[in-house]
Amino acid sequence: MALSWNEIKSRANAFSKHWLDAANEDSQAKPFLLDFFEVFGVTNKRVATFEHAVKKHGGNDGYVDLFWPGILLVEMKSKGKDLSRAYDQAIDYFSGIKERDIPRYVLVCDFQRFQLHDLNSQAVTEFLLKDLYQNVKSFGFIAGYQTQIIKPQDPINVKAAERMGKLHDALKAVGYTGHDLEVYLVRLLFCLFAEDTTIFEKRLFQDYIETKTHADGSDLAHHITSLFYVLNTPNAKRLSNLDESLNAFPYVNGKLFAEPLAPAQFDSKMREALLDLCALDWSVISPAIFGSLFQSIMDTDARRNLGAHYTSEENILKLIKPLFLDALWAEFEKVKSNKNRLLEFHQKLRTLTFFDPACGCGNFLVITYRELRLLELAVLRAGRDSTQQVLDVQSLINVDVDQFYGIEIEEFPAQIAQVALWLTDHQMNMKISEEFGAYFARIPLKATPHILCANALQTDWASVLPAENCSFILGNPPFVGYTQRSPEQKHDFESVFYDLHGSGVLDFVTCWHKKSTDYMQQNKSTKTAFVSTNSITQGEQVGVLWGWMLAQGINIHFAHRTFSWSNEARGKAAVHCVIIGFGLQDVADKTIYEYEDIKGEPHAVKVENINPYLVDAANVILQKTSKPICEVPEIRKGSQPTDGGHLLLTEAEKAVLIKAETLAEKWMRPFIGADEFINCIPRYCLWLGDCPPNELRQMPAVMVRVNAVKAMRLASKKAPTRELAKKPTIFGEIRQPNTNYLLIPSVSSERRPFIPVGFLNKDVIASNLVLVIQDSSLFHFGILTSTMHNAWVRSVCGRLKSDFRYSAGIVYNNFPWPTTEPKNFSAGLRANIHAPLEACAQAVLDARAAHANASLADLYDPLTMPANLLKAHQALDKAVDAAYGYKGANTDAARVAFLFERYQQITSLLPSLAKPKKIRKAK
């Protein structure tokens with residue numbers, strides 16, 4: 001057990017007094033250093049060697065006064081010698097030291113002066129012998145008190161992940177697989193952490209491997225098996241003649257080492273791989289990024305199929321702070337000056353429980369536990385009597401890992417989650433020890449996290465944690481779109497949503513929203529927050545999911561609007577997410593976190609209400625409707641060829657066909673889809689509906705294409721498509737306007753501030769990948785290309801990956817236009833709205849025309865958008881805002897909140913727009 005700081009300081013004073021009067025010559029270096037180590041309670045000579053022989057730079061022999069591999073190198077000099085030259089000499093020894101044994105610290109000393117160099121931080125601590133007692137904390141790494149600054153983005157995390165991956169692959173390659181491999185690696189991870197965080201003596205595990213096993217690795221597996229057995233055996237029950245190197249390891253308990261495993265087998269390369277892992281400083285790796293380590297050793301397919309997206313600490317804090325942490329800290333600030341209330345608050349922390357029903361490797365639980373322990377540390381500080389020299393922290397630490405519950409479908413991450421919580425517990429105990437000067441550890445392990453390896457969607461959550469005992473549910477369930485589900489996931493999904501009509505459009509993540517809502521019905525004080533794909537707040541999913549959740553009494557308490565979800569793993573996928581906190585009780589303080597840049601930091605906005613689109617507006621849900629709610633032209637998709645590409649032509653194919661068939665040119669029309677419209681790609685189609693049969697037969701090359709269309713349709717598995725084979729000369733679905741029309745691409749990049757919209761001639765055939773509005777005017781163009789409308793699109797449309805997917809039924813038909821009359825009222829006089837707006841709309845078209853050679857993609861790229869076009873849009877936005885009478889903030893959230901209010905005004909005067917979603921009674 002480590003000494004208290006008070007004891008260390010007392011020993012330091014005695015050491016200084018003794019050596020101030022002693023001889024200060026090189027011959028006294030060894031006894032000086034032995035006494036120095038005893039100051040910190042270290043008497044075991046195993047940790048370091050004296051007069052260690054090394055090859056210096058250039059090949060000459062050298063001798064290090066003290067060498068502790070990977071930790072410390074000491075170079076002693078006689079009193080008054082130059083310490084700078086001593087440091088250079090110490091560094092010169094590095095060329096003769098194995099890379100994994102390069103020390104972090106270099107100490108140079110002339111018996112009276114100390115100079116400690118931290119090679120990681122580049123910090124140098126220099127002091128006189130008489131001042132040692134004031135500087136003992138600089139040598140905390142000797143005593144076992146070292147506090148590490150954990151940096152989530154530290155390159156060592158990547159290095160650790162890659163090295164663990166290599167060992168995993170090597171063991172798997174020799175046939176050591178499955179459950180045994182997973183448990184084996186988890187145990188090794190614990191040992192690696194343990195020897196760098198004072199659970200084991202420093203380098204105890206590494207030295208055991210280096211000194212007790214053969215270089216060829218042939219006996220390594222046997223020694224590791226013996227070690228695992230010892231770690232699971234109380235000291236009193238160990239063999240009396242047990243090898244002292246093994247007996248030095250502590251009893252761990254916690255059942256981590258209890259299960260017998262099949263023996264592994266190592267070779268020399270695998271032994272080196274394990275030693276390379278030992279060489280890393282695992283104390284600087286946060287257990288919270290164990291998930292990232294796990295991700296690096298899973299294969300790509302497994303990772304994608306599981307929908308796993310691993311999380312940064314910053315993103316986890318985005319969820320837990322508004323869910324509970326901010327409120328707990330605020331409560332602490334109120335009670336910290338009142339001892340009785342502070343004691344009650346401390347007792348309350350012990351009663352809180354946290355449940356992650358898709359916990360993966362435990363990232364959310366680990367960070368939650370760490371933050372709760374930091375809050376408890378603040379409580380202990382506040383309650384400490386200023387006259388107390390030492391606090392009996394062991395009796396005062398209440399928060400423990402048994403307050404944490406999780407469900408994880410895969411065994412390996414479930415095991416990691418449990419170990420990560422234990423390791424976090426130990427790290428926090430070390431922080432407590434350093435804070436209060438008394439060593440505190442929970443080894444052997446007693447309390448155990450409740451992590452169940454099971455399918456959360458097939459498990460009764462109350463069997464893991466009774467609902468009445470649950471304080472908070474949290475996590476980031478799997479991100480799997482409804483088209484990417486595996487057969488097993490489809491079965492799980494149906495078992496959750498069997499009673500909800502229309503649920504087929506929902507993402508897989510919504511299963512957890514449904515189950516948590518059902519679970520909370522048994523305890524209405526429980527609060528939940530999940531990270532989800534932003535698609536659950538967009539398009540058709542809103543009506544299905546949130547229509548049901550609102551009907552159950554759910555209220556949204558806080559929400560992070562769309563942001564880019566980052567994680568710590570190599571090859572991480574870009575995901576656009578939201579965080580939604582909700583519960584069955586309402587709360588007075590509701591907060592929306594806005595992102596001007598989805599990769600940037602949010603700013604918090606206090607709001608009255610948060611609706612399912614994550615805006616400050618009433619709980620309105622847009623149902624898919626076939627007609628616009630306002631008196632505006634109807635919108636529809638363009639024509640769908642269903643031709644296998646045989647009626648469509650590139651510019652080159654058009655030229656070839658005209659050369660072969662001159663008559664074919666008059667039956668060709670420009671053909672435009674979203675890509676062609678935005679990127680100015682010329683494309684054509686054969687428009688043969690009015691082509692006389694005799695003329696068609698005079699074009700053999702065209703007839704070949706018509707026959708190919710017929711064959712393609714006949715080969716279809718769909719009966720309606722086979723029926724279309726009777727009319728192979730025409731498109732499968734024809735919806736071409738008979739007048740000039742306004743075109744809206746069905747898909748547009750999220751990067752564009754405005755979805756490009758434009759007028760086209762009636763002879764340009766619109767494909768089914770665009771939407772068309774016949775009988776449209778500059779007024780309609782102006783509204784649809786405005787920031788007001790684009791804010792609406794960004795908030796309510798569906799997505800294709802991260803791109804906007806414009807729809808008729810949700811986006812256009814529900815959009816509240818700036819007219820006061822709903823559709824079934826008379827039009828009235830609107831000239832005062834139309835005239836200025838149409839002038840600005842024309843100015844936008846004129847600004848585009850000034851760049852005749854630029855595509856719409858060029859014009860609306862935020863990096864290349866011309867100044868005159870941007871200025872025209874800004875003027876148009878002012879005119880549109882004036883038409884609406886809008887005077888709010890220039891943010892999407894404010895505009896959409898305004899539009900929802902207008903939507904309610906309009907629809908309150910209309911008949912029911914759609915039948916309510918049916919909810920079948922549970923069987």
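Heavy-atom basis, side chains included; hydrogens, waters and symmetry copies ignored.
Taking SG from Cys470 and CG from Asn523, the interatomic distance works out to 7.0 Å, rounded to the nearest 0.5 Å. Distance check: Leu319 CG to Ile316 CD1 gives 9.0 Å after rounding to the nearest 0.5 Å. Atom CZ in Arg350 sits 10.5 Å away from atom CG in Leu352 (nearest 0.5 Å). Rounding to the nearest 0.5 angstrom, the gap separating the CD atom in Glu376 from the CD atom in Glu371 is 13.5 Å. Between the OG atom of Ser516 and the NZ atom of Lys527 there is a distance of 15.0 Å, given to the nearest 0.5 Å. For the atom pair Phe558 CZ and Leu614 CG, the distance stands at 11.0 Å (nearest 0.5 Å).
Looking at Asn611, its side chain never comes within 3.5 Å of a backbone N or O of Asn609 through a donor-acceptor pair. Checking side-chain atoms of Gln522 against main-chain N and O of Ala467 turns up no donor-acceptor pair under 3.5 Å. When atom types are taken as modelled, the side chain of Asn338 and the backbone of Arg341 share a donor-acceptor pair closer than 3.5 angstrom. Without hydrogens or angle criteria, Asp400 side chain to Asp402 main chain gives no donor-acceptor distance under 3.5 Å. In this structure, Thr353 contributes its side chain and Ser471 its backbone to a donor-acceptor pair below 3.5 Å. Put simply, the side chain of His560 never gets that close to the backbone of Glu594: no donor and acceptor are under 3.5 Å apart. Remark: side-chain polar atoms of Gln418 are not paired, donor with acceptor, to backbone N or O of Gln415 under 3.5 angstrom. Judged by distance alone, with hydrogens and angles left aside, the side-chain atoms of Trp422 form no donor-acceptor pair with the main-chain N or O of Thr448 at under 3.5 Å. Listed for the Thr424 side chain is no donor-acceptor partner under 3.5 Å among the backbone atoms of Val366. No donor-acceptor pair closer than 3.5 Å links the side chain of Arg104 to the backbone N or O of Leu72.
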Trace of the side-chain contact (heavy atoms from CB on, under 4.5 Å) decision for Asn398 with His346
CA-CA 8 Å; Asn398 288 342; His346 193 184; 3.4 Å; yes

Please step through ring pair (Phe, Tyr, Trp, His ring centres under 6.0 Å) for the pair Phe36 and Phe114, ending with a clear verdict.
CA-CA 12 Å; Phe36 178 74; Phe114 289 75; 5.7 Å; yes

Stepwise, does the salt bridge (Lys or Arg N to Asp or Glu O under 4.0 Å) test hold for Lys336 with Glu331?
CA-CA 9 Å; Lys336 67 181 182 181; Glu331 186 177 352; over 6 Å; no

With side-chain contact (heavy atoms from CB on, under 4.5 Å) as the criterion, how do Leu465 and Tyr519 come out once you've worked through the C-alpha distance, each side chain's angles and the decisive distance to 0.1 Å?
CA-CA 10 Å; Leu465 173 62; Tyr519 179 76; 3.8 Å; yes

Between Thr198 and His426, does the side chain to side chain donor-acceptor pair (under 3.5 Å) criterion hold? Intermediate values first, please.
CA-CA 9 Å; Thr198 75; His426 184 70; 3.0 Å; yes

Side chain to side chain donor-acceptor pair (under 3.5 Å) between Asp118 and Ser121, worked out:
CA-CA 6 Å; Asp118 183 340; Ser121 66; 3.2 Å; yes

Begin with the C-alpha distance, continue with both residues' side-chain angles, and end with the deciding distance and a verdict on side-chain contact (heavy atoms from CB on, under 4.5 Å) for Ile199 and Leu423.
CA-CA 9 Å; Ile199 296 176; Leu423 294 174; 4.0 Å; yes

For Thr459 and Leu452: C-alpha separation, side-chain torsions, deciding distance, then whether side-chain contact (heavy atoms from CB on, under 4.5 Å) applies.
CA-CA 10 Å; Thr459 300; Leu452 176 67; 4.2 Å; yes

Assess whether ring pair (Phe, Tyr, Trp, His ring centres under 6.0 Å) is satisfied between Phe355 and Phe472, documenting all intermediate values.
CA-CA 6 Å; Phe355 182 24; Phe472 302 100; over 10 Å; no

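Around the CD atom of Glu608, the shell of radius 6.0 Å holds no more than 12 heavy atoms that belong to other residues, nucleotides or ligands. Under a cut-off of 6.0 angstrom, the local environment of CD in Glu596 is sparse, with at most 12 non-hydrogen atoms contributed by other residues, nucleotides or ligands. By the neighbour-count criterion of 12 heavy atoms within 6.0 Å, atom CD of Gln134 is densely surrounded, having more than that number from other residues, nucleotides or ligands.
Look at Arg11 and Glu7 and you find a salt bridge, because one of the NZ, NE, NH1 or NH2 atoms lies within 4.0 Å of a carboxylate O, short of that distance. Salt bridge annotation for Lys606-Asp616: absent, with no cationic side-chain nitrogen under 4.0 angstrom from a carboxylate oxygen. One finds a salt bridge joining Asp425 and Arg373 here, because a Lys/Arg side-chain nitrogen approaches an Asp/Glu carboxylate oxygen to under 4.0 Å. For Lys202 and Asp196, the salt-bridge test passes: some basic side-chain N is under 4.0 Å from an acidic carboxylate O.
Between Phe563 and Tyr595, the distance from one ring center to the other falls under 6.0 angstrom. Aromatic rings from Tyr405 and Phe354 are positioned such that their centres are separated by 6.0 Å or more. For Tyr105 and Phe141, the ring centers are positioned less than 6.0 Å apart. Centroid-to-centroid, the aromatic rings of Trp512 and Phe530 stay 6.0 Å apart or farther. Note: His513 and Phe582 meet the aromatic proximity criterion, with ring centroids under 6.0 Å apart.
A pairwise comparison of heavy atoms in Gly360 and Ala417 identifies O-CB, 3.8 Å as the closest pair. Minimum interatomic distance between Val509 and Pro477 (heavy atoms only, all atoms of both residues): CG2-CB, 3.7 Å. Minimum heavy-atom separation, Glu195 to Leu204: OE1-N, 3.1 Å. Nearest heavy atoms, Gln403 versus Leu349: NE2-O, 2.9 Å. Nearest heavy-atom pair across Tyr593 and Ala604 is CE2-CB, 3.7 Å. Residue Leu474 comes nearest to Pro357 through the heavy atom pair O-CD, 3.6 Å, listed as atom of the first residue, atom of the second, then distance.
Note: Trp19 and Phe15 have tilted aromatic rings, judged against thresholds of 30 and 60 degrees for the angle between ring planes.
In this structure, Asn315 and Val531 have side chains that are not in contact, with every pair of non-hydrogen atoms separated by 4.5 Å or more. Taking the side chain as every heavy atom from C-beta outward, Leu584 and Gln521 approach each other to under 4.5 Å. Contact of the Arg370 side chain with the Glu313 side chain is registered, since non-hydrogen atoms from C-beta on lie closer than 4.5 Å. Between Phe37 and Trp68, some side-chain heavy-atom pair lies under the 4.5 Å cut-off. No side-chain heavy atom of Glu408 sits less than 4.5 Å from a side-chain heavy atom of Cys453.
With sequence neighbours excluded, no residue forms a salt bridge (Lys or Arg N to Asp or Glu O under 4.0 Å) with Asp356.
In this model, no donor atom of one side chain and acceptor atom of the other lie less than 3.5 Å apart for Arg561 and Asn534. In the model, His117 has no side-chain atom that pairs as donor or acceptor with a side-chain atom of Thr125 under 3.5 Å. Side-chain N/O atoms of Lys9 and Asn6 include no donor and acceptor closer than 3.5 Å.
Each of Phe249, Phe257, Phe205 was checked for a ring-ring contact (aromatic ring centres under 6.0 Å, His included) with Phe190, and the lone residue meeting it is Phe257.
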